[in-house]
Amino acid sequence: MSLSLDATQLDRYSRHIIMDEVGPEGQKRLLESSALVLGAGGLGAPVIQYLAAAGVGTLGIVDDDVVERSNLQRQVIHGDADVGEPKVESAARFVDRLNPDIDVETHEARLDVDNAHELIGGYDVVVDCADNFRTRYVVNDAARIEGVPVAHGAIYKFEGQATTLVLDGPCYRCLFPEAPEPGTVPDCATTGVLGVLPGTLGCIQATEAVKLLLDAGDPLAGRLLFYDAMDMTFETVPYQRNPDCPVCGEGGIETIEGVDYTGGCRIDAD
């Protein structure tokens with residue numbers, strides 16, 4: 001589709017346009033692109049904010065939760081007036097105020113086996129801001145089958161991690177073949193989380209998503225980035241594709257229908 005930037009857009013995106021690595025063609029590419037953000041909470045908030053500001057033309061937002069006052073310490077796209085409202089609606093209003101160029105597609109639902117293929121299939125990139133292991137494995141599996149790359153992030157107290165799952169690289173199951181036993185990793189409601197932490201990790205995820213959409217730079221494929229906010233350190237650990245991976249290995253699954261995601265989010269489908 002041919003797309004011309006109008007005078008307002010030339011002004012809005014001028015700091016992209018003057019960059020050789022983006023330029024007007026790159027900005028047009030962003031405006032024609034789509035990203036699905038899974039979660040409109042701590043990680044999803046900065047992802048939504050910066051993808052919308054960057055001009056990613058279509059943003060899908062998946063979340064089945066409502067805004068609570070305790071969210072406001074870190075979920076920066078929501079405000080006090082949004083308490084009690086569905087997060088997808090609050091997020092959509094935020095994007096509308098920020099950038100009228102963006103089309104927002106809200107999905108007030110929890111991504112799971114029954115809707116993952118349908119939700120993921122139409123987007124150019126998925127940004128995984130989920131807060132539980134089951135969803136992360138479902139996202140990984142469905143996105144790999146649908147041929148959609150994933151920018152993954154996770155946080156815990158003062159620490160975070162990020163990696164990017166591209167089609168010719170290892171998937172989340174290559175990195176973590178099994179999830180921790182249920183109840184062994186407490187959530188932020190139990191342990192707390194530094195309010196600014198998801199901002200850092202979410203911005204990294206948004207950066208990875210923009211790079212994927214522009215086909216620019218070197219993504220975090222096959223590399224797990226660790227961030228420690230207390231020590232202000234970053235460490236990158238490489239990991240490889242597992243040839244016996246049930247998802248991205250030879251003879252991997254072709255659908256997540258029938259896959260067993262209980263326990264360690266295992267795959268028992270025959």
Side-chain angles (χ1 to χ4, degrees), residues 1 30-41 43-45 47-48 51-52 56-66 77 85-96 102-154 163-169 171-173 176 179 202 205-206 208-210 212-213 245-249 251-262 265-270:
M1 179 179 69
L30 290 177
L31 286 163
E32 293 172 339
S33 295
S34 61
L36 182 67
V37 184
L38 301 177
L43 289 172
V47 169
I48 291 165
L51 292 186
V56 176
T58 300
L59 286 183
I61 305 173
V62 182
D63 202 304
D64 68 341
D65 203 0
V66 299
I77 62 174
E85 294 292 317
K87 287 185 180 180
V88 292
E89 294 183 10
S90 174
R93 289 195 297 269
F94 178 90
V95 173
D96 287 342
I102 310 305
D103 293 325
V104 180
E105 298 174 349
T106 58
H107 307 278
E108 191 177 351
R110 178 176 290 272
L111 185 139
D112 210 335
V113 176
D114 60 347
N115 61 7
H117 284 296
E118 179 182 0
L119 286 173
I120 290 171
Y123 290 90
D124 297 317
V125 65
V126 172
V127 188
D128 175 14
C129 304
D131 61 358
N132 67 90
F133 286 100
R134 177 187 175 94
T135 301
R136 291 168 188 155
Y137 282 93
V138 172
V139 170
N140 172 79
D141 300 353
R144 183 58 59 117
I145 294 167
E146 294 292 338
V148 181
V150 178
H152 163 78
T163 191
T164 299
L165 312 170
V166 298
L167 303 186
D168 59 353
C171 77
Y172 189 76
R173 286 188 184 272
F176 299 116
Q205 289 179 270
E208 289 291 283
V210 169
L212 290 171
L213 294 173
C245 176
V247 174
C248 70
I253 61 173
E254 297 180 355
T255 178
I256 64 172
E257 294 181 11
V259 173
D260 184 358
Y261 285 97
T262 60
C265 302
R266 62 185 184 271
I267 290 184
D268 290 338
D270 297 323

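Judged by distance alone, the side chain of Q205 and the main-chain N or O of D128 form a donor-acceptor pair under 3.5 Å. Side-chain atoms of S34 come within 3.5 Å of backbone N or O of D124 as a donor-acceptor pair.
For the pair I256 and Y261, the minimum side-chain heavy-atom distance is below 4.5 Å. At least one side-chain heavy atom of I48 sits under 4.5 Å from a side-chain heavy atom of V95. Considering only heavy atoms from C-beta on, L212 comes within 4.5 Å of V166 through its side chain. Residues H107 and N115 form no side-chain contact, since every pair of their non-hydrogen atoms from C-beta on lies 4.5 Å or further apart. Considering only heavy atoms from C-beta on, V37 comes within 4.5 Å of C129 through its side chain. Within the 4.5 Å cutoff, the side chain of L119 has no heavy atoms near those of the V126 side chain. Inter-residue side-chain proximity for L51 and V210 is flagged as met; some heavy-atom pair is nearer than 4.5 Å.
For V247, the side chain to side chain contact (heavy atoms under 4.5 Å, CB included) criterion is met by N140, D141, R144, C171, R173, C245, I253, I267, not counting sequence neighbours. With sequence neighbours left out, N132 forms a side chain to side chain contact (heavy atoms under 4.5 Å, CB included) with R110, R134, T135. By the side chain to side chain contact (heavy atoms under 4.5 Å, CB included) test, E108 pairs with P86, V88, E89, sequence neighbours left out.
Listed here is the closest heavy atom pair of I61 and A40: CG2-CB, 3.9 Å. When all heavy atoms of A142 and I120 are compared, the closest pair comes out as CB-CD1, 3.9 Å. A116 and V138 get closest at one heavy-atom pair: CB-CG1, 3.7 Å. Nearest heavy-atom pair, G202 versus L43, reported as atom, atom and distance to 0.1 Å: N-CD2, 3.7 Å.
Rounded to the nearest 0.5 Å, atoms CG (D65) and CG (D131) are 8.5 Å apart. Atom CG in L31 sits 9.5 Å away from atom OG1 in T58 (nearest 0.5 Å). Within the model, atoms CG of D63 and OG1 of T106 stand 11.0 Å from one another, a figure rounded to the nearest 0.5 Å. Rounding to the nearest 0.5 angstrom, the gap separating the CD atom in E105 from the OH atom in Y123 is 3.5 Å. Put simply, OH on Y172 and CZ on R136 are 5.0 Å apart, with the number rounded to the nearest 0.5 Å. With values rounded to the nearest 0.5 angstrom, H117 atom NE2 is found 4.5 Å from I145 atom CD1.
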